[in-house]
Structures are given as C-alpha cells and as structure tokens.
Amino acid sequence: MFEFDYAHHIPSIVAGVVVGLLAFAPLLVALVPVLRRQREANMTVGFMGVFASFLVLFLGVIVTYLLARPVLVGFAAGEIIGFFLCWLAVAIALMLKKD
C-alpha cells in the first residue's frame with residue numbers, strides 16, 4: 001500500500017509554498033497598479049504577469065523533478081497552497097476595500 005510520510009515531506013512542502021508565493025509576485029506587479037487605479041487594465045501586461053507566474057511555478061517543478069524526485073508531490077502541493085493563499089489574500093483585500 002502507498003504510504004505518505006508527512007515528516008519527510010514537510011521541508012519540500014515549505015519550499016513549495018515559498019516558490020508559490022514568489023510565483024505570485026509577477027502577477028501582483030501587474031495587478032496592483034490596476035487595482036489602485038494608477039493604470040488602465042492592459043491585457044498584454046496581464047498575460048505577461050500570468051506567463052511569468054506560470055514560468056516560475058513550472059521551473060520549480062522541473063528543478064525539483066531533476067534534483068529531488070521523491071519529494072515532488074509535496075513540493076507541487078506546497079506550490080499550489082502558496083499560490084492560492086496569495087489569491088485568497090488578494091480576494092479578501094478586495095472584499096474589505098472601501099472605495
């Protein structure tokens with residue numbers, strides 16, 4: 001039966017969360033000026049932010065696959081957790097924002 005040793009994967013999950021947070025930064029750079037009404041929404045800038053975020057996530061998975069294949073699942077789960085925590089923080093900030 002397949003066993004998943006959480007203690008063995010905690011460092012890789014934490015590293016994945018950090019990479020997920022870093023991967024959100026390019027998207028945040030594209031999003032914040034629009035939310036602060038300092039710049040009009042631009043599809044090109046938005047797509048560049050999405051592409052850069054995807055690239056950071058993808059490179060993190062590829063590097064982990066090449067260097068530490070046994071902890072890939074924990075790392076990828078951490079990336080997803082970190083990235084979605086950032087989305088959650090932005091969503092909550094927008095809901096609490098008063099115009």
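The residues of the chain are indexed from 1 along the displayed sequence.
- A parallel orientation is assigned to the rings of F58 and F54, their planes being inclined by less than 30° (bins at 30° and 60°).
- Between the side chain of R39 and the main chain of A30, a donor-acceptor pair closer than 3.5 Å is present.
- Taking all atoms of both residues into account, the shortest heavy-atom contact from I13 to G74 is CG1-O, 3.3 Å.
- Grouping the Ile, Leu, Val, Met, Phe, Trp and Tyr side chains by contacts below 4.5 angstrom, directly or via other members, places V90 with L57.
- C86 has its side chain within reach of L21: a pair of non-hydrogen atoms, C-beta onward, lies under 4.5 Å apart.
- Cluster partners of V19 are V56, F75, counting Ile, Leu, Val, Met, Phe, Trp and Tyr whose side-chain heavy atoms approach within less than 4.5 Å, directly or via other members.
- In this structure, E40 places its CD atom where only 12 or fewer heavy-atom neighbours from other residues, nucleotides or ligands lie under 6.0 Å away.
- In terms of hydrophobic clustering, with Ile, Leu, Val, Met, Phe, Trp and Tyr side chains grouped at heavy-atom distances under 4.5 Å, I80 and V50 are assigned to a common cluster.
- One N or O on the side chain of S53 and one on the backbone of A23 form a donor-acceptor pair closer than 3.5 Å.
- Between V61 and E79 the shortest side-chain heavy-atom distance falls below 4.5 Å.
- When each of L27, L22, L88 is checked for a side chain to side chain contact (heavy atoms under 4.5 Å, CB included) with F83, only L27 meets the rule.
- Both L94 and W87 sit in one connected hydrophobic cluster of ILVMFWY residues. Membership requires side-chain heavy atoms under 4.5 Å apart, directly or through other members.
- You'll find the side chain of L85 stays beyond 4.5 Å of the side chain of F24, heavy atoms only.
- Distance check, rounded to the nearest 0.5 Å: CG of L72 to CG of L66 gives 10.0 Å.
- A donor-acceptor distance shorter than 3.5 angstrom exists from the side chain of K97 to the backbone of L35, with no hydrogens or angles considered.
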